[in-house]
2 protein chains.
Amino acid sequence: MPKLVASDIATALKKRISSGEWIENGRIPPERDLASEFGVARNTMRRAVSFLEDEGTVVRHVGRGTFLTATNPASMAAVVGRMEGTSPADMMEIRQLLEPAAASFAATNASAMELNAVREAHRIACEAQDMPTFEHWDAEFHHRIFACSRNEFLKEIHNLMRILRNQAPWFEMKKRSFSEERRGIYCSEHQTVLDALLRRDPESASQAMLAHLKTVERNLLGR
Amino acid sequence: MPKLVASDIATALKKRISSGEWIENGRIPPERDLASEFGVARNTMRRAVSFLEDEGTVVRHVGRGTFLTATNPASMAAVVGRMEGTSPADMMEIRQLLEPAAASFAATNASAMELNAVREAHRIACEAQDMPTFEHWDAEFHHRIFACSRNEFLKEIHNLMRILRNQAPWFEMKKRSFSEERRGIYCSEHQTVLDALLRRDPESASQAMLAHLKTVERNLLGR
DNA sequence: AGAAATTGGCTCAATATTGGTTCAGGGAGG
DNA sequence: CCTCCCTGAACCAATATTGAGCCAATTTCT
């Protein structure tokens, strides 16, 4: 039997990590525990963990413990936290990437019932008499298109964008950029998108959505 | 068994919350009760609850109790929760939308230093002797490309994907799909992307990245 | 209205956990 | 014999948990 050296322990550790066992809190057991579990001295285990540390797989803090990088639950919350500072310009850029694709997916995947829901949101938005109502059904129109994209991840990203858009920097911006004329333009552009969806034409749907988003961006960011 | 720390309690709490046990009043038990139930001191439970508070999962009122939030932060947490169930197929679809764009942005926006960082990650990945190391620097390569895309929102979405990819359903899949031959292919594809970035050629960078992602998807989902 | 109980907010000293470091010894292989 | 690496132990410094007490806001009971 080959002798156990630190680098062997390191690869054994990596295997354990890959097994996902410690993913939960992103924290791996104390060196002393690991050492006894693997049947080696703490010194050896320390050197093994040091390999992982050099690789960047792991970070250590005196008194706190050793943590997997980019996996701890706090990081998820941190991501969301940082997202709250997203600039409208950045988000609009990404919307122009995702939303035409969502429209394209919807054109091929949506059920008749789902398309009806999209049409309904469009109709109510067009008939809305005040800005909050219009805005709500405008958002709903976009949301329902994502809803029939058949991609859960895409849907959740849109939910994120939706939440972010209801926060501080957007609120004023939307108010500033709104006008009766623009509402009319939005409605007709939505109509174009909707028509493409009903024709089951992914390419047109994607193009129409992109055109619409460019209009929105122009109004919002004032170019 | 490793010691129970506040963050562990926090994740345990989150589980209890998402199990819907306290949904009725939207109120969770007093700290003192929770502390004794989980077998920790009140101070520790307080710190655990503070995590949830920071995340916005919960609001506290002196004399009244602690309540689940029905507003923005909670829905944000819900989004994150639902995202954890994202299927690899869905995510790969979105990666193919976002990552070529990131590469394209990077080609035009990256500083020379940032490109060096990308090259460095590529080099280490190519020289890696074992799978975890390769995987780490492979991920780092992609991450650094996003890092110089100059779009904060895009970067954060990628952070999300990165975290999700470190969770359960992906682990086996990655292990299954790995082979020495494939590693070689990935390295050469990365090289193509890197070359395009260094040439400052957005179009080629985007195409190369897309081609790479299609390879990854094929290997991962087994077509 | 007023008293009592409940509940979160806060502080503090004592204790425990955990990574960081060092050192003396032992065993395997050249 | 010498080198290399592991073992075992002790101690340090950073951080966390404990357990207790008191306060302030709120609710509930009298």
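Lettering follows sequence order; numbering is per chain, from 1.
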On the nucleotide C:dT7, are OP1 or OP2 found under 4.0 Å from the side-chain N or O atoms that B:Arg60 carries?
no
Is there a donor on the side chain of A:Asn43 or the base of C:dT22 sitting less than 3.5 Å from an acceptor on the other?
yes
Determine the interplanar angle of the A:Phe141 and A:His122 rings, folded into 0 to 90°, and report it as parallel if under 30°, tilted if 30 to 60°, perpendicular if over 60°.
tilted
Take atom CD1 of B:Ile9 and atom P of D:dA16, then tell me their distance rounded to the nearest Å.
14 Å
Test B:Asp195 against B:Gln191 for side chain to side chain donor-acceptor pair (under 3.5 Å), laying out the working first.
CA-CA 6 Å; B:Asp195 289 344; B:Gln191 185 69 55; 3.1 Å; yes
OP1 or OP2 of C:dT21 versus the side-chain N and O atoms of A:Arg42: is any pair under 4.0 Å?
no
Quickly work out the A:Leu34 CG to C:dG20 P distance and round it to whole Å.
13 Å
Any side-chain donor near an acceptor of the partner, B:Arg46 and B:Asn43, under 3.5 Å
no
Do the side chains of A:Glu120 and A:Arg144 get close enough for a salt bridge, i.e. N-O under 4.0 angstrom?
no
Which comes earlier along DNA chain C counting from the 5' end, the contact point of A:Arg64 or that of B:Arg64, where each point is its nearest nucleotide?
B:Arg64
Distance test, side-chain N/O of B:Thr66 to OP1/OP2 of C:dG8, below 4.0 Å
yes
May I ask you to evaluate whether A:Arg46 reaches the phosphate of C:dT18, defined as a side-chain N or O under 4.0 Å from OP1 or OP2?
no
Quickly work out the B:Asp8 CG to C:dT18 C1' distance and round it to whole Å.
14 Å
Distance criterion of 3.5 Å, no angle test: do you see the side chain of B:Arg32 paired donor-to-acceptor with the base of C:dG8?
yes
Between CD of A:Glu31 and C1' of D:dA13 the distance, given in whole Å, is 14 Å
Is A:Thr44 close enough to D:dT7 that one of its side-chain N or O atoms is under 4.0 Å from OP1 or OP2 there?
yes
Starting at atom CG of B:Asp33, determine the distance to atom P of C:dA5, rounded to an integer number of angstrom.
17 Å
Could you state the CZ-C1' distance from A:Phe38 to D:dT7, rounded to the nearest angstrom?
18 Å
Evaluate side chain to side chain contact (heavy atoms under 4.5 Å, CB included) for A:Phe38 paired with A:Leu13, printing each intermediate quantity in order.
CA-CA 9 Å; A:Phe38 283 75; A:Leu13 260 185; 4.1 Å; yes
How do B:Val62 and A:Gly63 order along DNA chain D: which one's closest nucleotide is nearer the 5' end?
A:Gly63
Atom pair distance, as rounded to whole Å: CZ in B:Arg47 and C1' in C:dT17:
13 Å
Rounded distance in Å - CG (B:Leu52) to P (C:dG8)
13 Å
